[in-house]
Amino acid sequence: MFAYRSNLANHTMSSESPLTISQRAMAQPLGLSAVAGEFPWMLDLNERQRQAVETLDGPVLVLSGAGTGKTKVLTSRLAQLLVTGRAKPWEILAVTFTNKAAREMRERTQRLIGPVGEGLRWLGTFHSTSAMILRQHAELVGLKPSFTILDTDDQIRLLKQVIESEGLDQKRWTPRFLASLIEGWKNRALTPDKVPTDQAFLFANGKGAKLYALYQARLKILNCVDFGDLLLETISLFLNQADVLNQYQTRFKFILVDEYQDTNVAQYLWLRLLAQQHKNLCVVGDDDQSIYGWRGAEVDNILRFEHDFPGATIVRLERNYRSTPHILAAASHLISSNKNRLGKTLWTKMPDGERVLVRGLWDGEAEARLIADDIEQWRRSGRRYGEGAVLVRASWQMRAFEERFLMLQIPYRVIGGPRFFERAEIRDAHAYFRLVRSLDDDLAFERIVNVPKRGIGDTSVQRLSAAARLAGVPLVTMAKDLLGSDELKGQARTGLTRFINQLEHWRKKALELPHTELAEMILDESGYTDMLKADKNPQSVSRLDNLKELVRSMGLFDTLAAYLEHIELVMDLDRAEAGDGVQILTLHAAKGLEWPLVFLPGWEEEVFPSKRALDEKGDKALEEERRLAYVGLTRARESARISFAANRQIYGRWASVLPSRFIDELPDGHVDAVSDTGYFTQAIGAAEARFNAYGPLSTPPGDGFNAGYESPGWKRAQAAHALKKGGLTAAKGFGGPIVDGEAKLVAKTGAGDAKYKLGQRIFHDKFGYGLVAHVEGSKLTIAFEKSGEKKVIDSFVRLA
DNA sequence: CTTGCCTCAAGACTT
DNA sequence: TTGAGGCAAG
C-alpha cells in the first residue's frame with residue numbers, strides 16, 4: 001500500500017519454500033552456532049521467553065514486565081512461525097500501536113531471519129492495517145478507495161461547520177470538546193445510533209449523537225475518514241460482510257499483538273473478530289504499564305484475557321535485564337499498592353548498585369539546579385549526557401530544566417512536543433499538495449486559500465462555502481463560477497482569480513515535473529516561502545528549514561500520491577536525532593525507553609499524582625498514576641533519582657506543595673532519602689531513623705549542625721538553617737552508604753508530634769503571616785492573610 | 001481585511 | 001506565566 005521505497009518494494013517471498021527460508025536463516029551471521037534442532041535465536045532466550053516463543057497454538061497471554069525482553073520474544077516468535085513453516089509471511093497479522101514499534105519489530109525480525117521479514121505484509125499498526133483492509137473494500141462501506149484520512153486539524157474544522165450548521169454557540173460548545181467526545185465513542189466502538197442518551201447529553205443538551213451522525217455523513221460526502229473510523233469502519237465491514245470477514249479470518253493463521261494493555265474496546269472487537277477462526281492469538285503486554293486510560297485504553301482487556309479467550313496459556317516474563325535490584329524493588333513495592341493487577345515479581349541477577357535517591361528541595365528552581373549539577377558530575381565522571389533523562393509528569397515542568405540547561409550549556413533534547421507533521425507550515429504545504437492532487441479537497445482549500453494573505457477573508461470564504469454547499473459542488477468549482485459572475489469584488493476577486501489560475505498551472509506542471517520540483521515550485525510561486533522570509537518571527541527560519549526537510553523527505557517516494565498516502569497515515573518522519581544530549585520528556589513518552597541515569601522530579605501531591613487524578617472519585621485514576629510512577633522508575637538502569645519541592649510556581653502562582661504519596665509507598669531498604677533542607681515529612685522521618693541507626697557516619701561534614709537529629713527541634717532548626725544558607729547546601733553530605741535496612745522510611749504523612757496548635761499565628765517566608773487552621777501531624781493548613789488557605793509543612797513556618 | 005489588545009484556561013498524545 | 005482565540009478599532 002505504501003510505496004515506501006526502502007521497505008516493501010521488492011519482496012519475492014511467495015515463491016520461496018520454508019526450507020529455503022530456514023536455510024537462509026541459518027546462514028545468517030548471528031555469532032551463535034545452532035545446536036541440532038534448535039534455531040539460533042532460541043539460544044538467546046531464557047526459559048519463560050522460550051515458552052512464550054514455542055507456544056504457537058491457541059490463545060497466549062505473555063505478561064512481560066518492564067525490561068524483560070518483550071520485543072525479543074515477539075520477534076523470535078515471528079521467526080519461529082516462519083522458519084518452522086507454520087505460516088507464510090502473509091498469513092501472520094502482527095499489530096502494534098505506533099509506527100516506530102512496527103518498524104522496530106520488522107527490523108529486528110529481519111535481523112533474525114533475513115529479508116524474509118520484508119514479506120510480512122500485515123505487520124503494522126492497528127490503523128495502517130485497517131486502512132489497507134478498508135481500501136480493498138471501500139465501496140462496501142460507502143467510500144471510494146482513494147479516501148482521505150483526516151488529521152485532527154481538519155477534523156476540528158469540519159466539526160466547527162457541523163456545530164454552526166445546527167445554530168449552536170460554538171463558544172459554549174467547542175468543536176474540540178465534541179471531537180474528544182466522538183473520539184471517545186469511537187474508541188468504544190459506538191456508532192451514532194449506539195451512543196447512550198446520557199453520553200449524548202454531554203454535548204449541547206442531548207444533541208451529541210445527532211451532531212456525531214451529521215459529522216459522519218459529512219465525512220462520507222467528502223470521502224474522508226478520521227482515525228477512529230479506520231477501525232470502526234473495518235469492524236462494520238466485517239460485521240456486515242460475512243464473506244469479507246471470512247476471507248481475513250482464514251488468511252490470518254496467527255495473530256500477534258504488542259502492548260495489549262493499551263488496546264481499547266474497538267481494537268478488542270477488531271481482534272476478536274479476526275482471531276475467531278484459528279484462535280491463534282498471542283498478545284503481549286504488561287498491565288502494570290497501562291497508562292493510556294485517558295485515551296480509551298481498557299486495562300480490563302488484558303485483565304480479562306483468560307476469560308475472553310478460554311484455554312489461554314499465560315506466560316509471565318519476570319526476569320529483568322535492565323535495572324539494579326534496588327530500582328526493581330522500589331518499583332515493585334510501589335506498584336504493589338495497586339489492587340487491579342495480575343501480579344508479577346520482577347527479579348534480576350544484576351549487582352546491587354545504588355539505592356533510589358529521594359531528595360526534597362525548597363522550590364522548583366533548586367530542583368533544576370540540583371539535577372543539572374548531578375548531570376555535570378555524571379559527565380565529569382566520564383559518562384555521556386545522552387545517558388541521562390529527566391522524566392516529568394506534565395510538559396509545563398520541562399521549562400525549568402530547559403532554562404537551567406541552557407544557562408549551564410548542558411546539551412539537551414526535548415522529546416515529544418509538537419511533531420514535525422503537526423507544524424503549521426508542514427500542514428499548509430500538505431494542503432497545497434492535496435489541492436493540486438484533487439481540486440475537490442475542500443478542507444485543504446479552506447486551509448490555504450488565504451495563506452499567504454491574498455485578501456480573501458472570512459466573509460468571502462463563508463459566502464463561497466455557503467454557495468458551494470447549496471449547489472453541492474466543491475469549493476474550487478464554486479469559486480470559478482463565482483468569478484464568472486460579479487459576486488466578488490476588489491481584493492477578494494483579484495486574489496481568488498490568481499489563486500485559481502495558479503492551481504491550474506500547478507496541475508499542468510504536475511504532469512511534467514518530478515514531484516519534488518513541483519513542490520518547490522508551489523511553495524515559491526504561492527508566495528509561501530516569501531511570507532516566511534518576510535516574517536520577523538525568529539521561528540520562521542526553522543520553518544523554512546522544515547519545508548526544505550519536507551521536500552527532501554518527499555524524495556523517498558516515487559510520486560506525490562504515494563507520498564501523501566503515506567503521510568496521512570504515518571505522520572512519523574523521524575526528526576534527525578542530534579548528537580549527545582540529556583533527554584527531557586514526559587513519563588508517557590518514556591514508556592519503552594531506558595537510560596542509565598533517570599531523574600524523576602516533581603513528585604508532589606497534585607502534580608504527581610496529578611490534581612485531576614486526585615479529584616476523580618474511585619481509585620482508577622490514581623492507580624493509573626501509580627503505574628506511571630512505576631513506568632518512570634523502571635526506565636532506569638543504574639540510577640533513579642526522585643525529587644520533590646516544597647514550593648512550586650504553577651501557572652504563574654506560587655503554591656506550596658506536599659510530597660507525593662508515592663514517596664510514602666517506596667520501600668525503605670532500597671531508598672536513600674536525602675534531606676538538604678530537612679523540612680520534608682516522610683523523608684525527614686527516614687533521615688532521622690537513618691541517622692539514628694547510622695550514627696555520626698552519615699553526618700554531613702563541617703558546620704556543627706548535625707548533632708541531635710533526634711531532638712524535637714531538629715527539623716525546624718534544620719529548616720531555618722537551610723533557609724538562612726539559601727536552600728540546599730549539603731545534598732551530597734547526607735548520602736553515603738546506609739546499612740540499616742530496618743529503619744522506617746515511611747514515617748506516614750500525618751504521623752508524629754504536632755508542633756503547632758490551632759489558631760496560632762505564624763510566619764512563612766513566601767506567604768507571610770497567617771493563622772493555623774488545621775493540623776495533621778506535620779502538615780498544616782494555614783489561613784494566610786494575603787494568599788488565603790494553603791497547606792504547608794510545619795518546618796517552613798515559625799511562630800509569629 | 002488586518003492588527004493588536006484582552007480574556008480565559010491550563011494533562012498525559014498516538015493513529 | 002503562557003498561549004490561543006475572540007473582538008474592536010484602523
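Naming: A, B, ... by sequence-line order, numbering from 1 per chain. Remember, it's a predicted structure, so these values are computed and weren't measured experimentally.
- In this structure, the nucleotide among dC13(B), dC1(B), dT15(B) sitting nearest to the side chain of Trp294(A) is dC13(B).
- Each of dC1(B), dA12(B), dT15(B) was ranked by its minimum atom distance to the side chain of Ala394(A); first place goes to dA12(B).
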**Request:** Quick one: do Trp595(A) and Gln583(A) satisfy side-chain contact (heavy atoms from CB on, under 4.5 Å)? Show the steps, please.
**Result:** CA-CA 10 Å; Trp595(A) 298 266; Gln583(A) 298 173 56; 3.3 Å; yes

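- At least one donor-acceptor pair closer than 3.5 Å links the side chain of Thr634(A) to the backbone N or O of Val631(A).
- The aromatic rings of His588(A) and Tyr292(A) are tilted relative to each other, their planes meeting at an angle between 30° and 60°.
- Of the candidate nucleotides dA12(B), dC13(B), dT15(B), dT15(B) has the atom nearest to the side chain of His127(A).
- Gln161(A) and Glu446(A) share a side-chain donor-acceptor pair at under 3.5 Å.
- Straight-line distance from the CZ atom of Arg295(A) to the P atom of dT15(B): 8 Å, rounded to whole Å.
- Side-chain N or O atoms of Gln267(A) include one that pairs as donor or acceptor with a backbone N or O of Asn264(A) at under 3.5 Å.
- Using a 4.0 Å heavy-atom cutoff across all strands shown, Glu625(A) reaches at least one base atom of the nucleic acid.
- Stacking here means ring centres nearer than 5.5 Å and ring planes tilted less than 30 degrees, and by that measure Tyr292(A) does not stack onto dA12(B).
- Counting any heavy atom pair closer than 4.0 Å across all strands shown, Phe97(A) reaches sugar-phosphate atoms only and no base atom.
- Nucleic acid contact for Lys453(A): sugar-phosphate only, since backbone atoms but no base atoms lie under 4.0 Å from a heavy atom of the residue.
- Comparing dT15(B), dC1(B), dA12(B) against the side chain of Asn99(A) picks out dT15(B) as the nearest.
- Between Thr125(A) and Val461(A), the residue whose closest nucleotide on DNA chain B is further toward the 5' end is Val461(A).
- Rounded to whole Å, the distance from CG on Asp229(A) to P on dT14(B) is 20 Å.
- Looking at which nucleotide of DNA chain B each of Ser610(A) and Phe126(A) is closest to, the 5′-most match is held by Ser610(A).
- Thr98(A) comes within 4.0 angstrom of the backbone, heavy atoms only, and of no base.
- Using a 4.0 Å heavy-atom cutoff across all strands shown, Gln267(A) reaches no nucleic acid atom at all.
- Contact annotation for Asp262(A): no contact, since no heavy-atom pair falls under 4.0 Å across all strands.
- Using a 30° and 60° split on the angle between ring planes, Phe405(A) and Tyr412(A) fall in the tilted class, from 30° to 60°.
- Residue Glu183(A) places its side chain closer to dT14(B) than to any other of dT14(B), dC13(B), dT1(C).
- One atom, NZ of Lys611(A), and another, P of dA12(B), lie 16 Å apart when rounded to the nearest Å.
- Rounded to whole Å, the distance from CD on Gln155(A) to C1' on dT15(B) is 11 Å.
- Close to dC1(B), at under 4.0 Å from its OP1 or OP2, lies a side-chain N or O of Thr459(A).
- Where stacking is scored as ring centres under 5.5 Å apart with planes under 30°, Trp396(A) does not register as stacked on the base of dA10(B).
- The aromatic rings of Phe126(A) and Trp270(A) lie perpendicular to each other, with more than 60° between the two planes, well past the 30° mark.
- For dT2(B), one of the phosphate oxygens OP1 or OP2 lies less than 4.0 angstrom from a side-chain nitrogen or oxygen of Asn450(A).
- At whole-Å resolution of the value, CH2 in Trp173(A) and P in dG5(C) are 20 Å apart.
- What separates CZ of Phe147(A) from C1' of dT15(B) is a distance of 13 Å, to the nearest Å.
- Residue Arg399(A) is in sugar-phosphate contact alone, with no base atom involved, counting any heavy-atom pair closer than 4.0 Å across all strands shown.
- If you check every strand for non-hydrogen atoms under 4.0 Å, Ile456(A) touches sugar and phosphate atoms only.
- Per the geometry, CD1 belonging to Ile149(A) stands 9 Å off C1' belonging to dT15(B), to the nearest Å.
- Distance, Met531(A) CE to dT2(B) P: 12 Å, rounded to whole Å.
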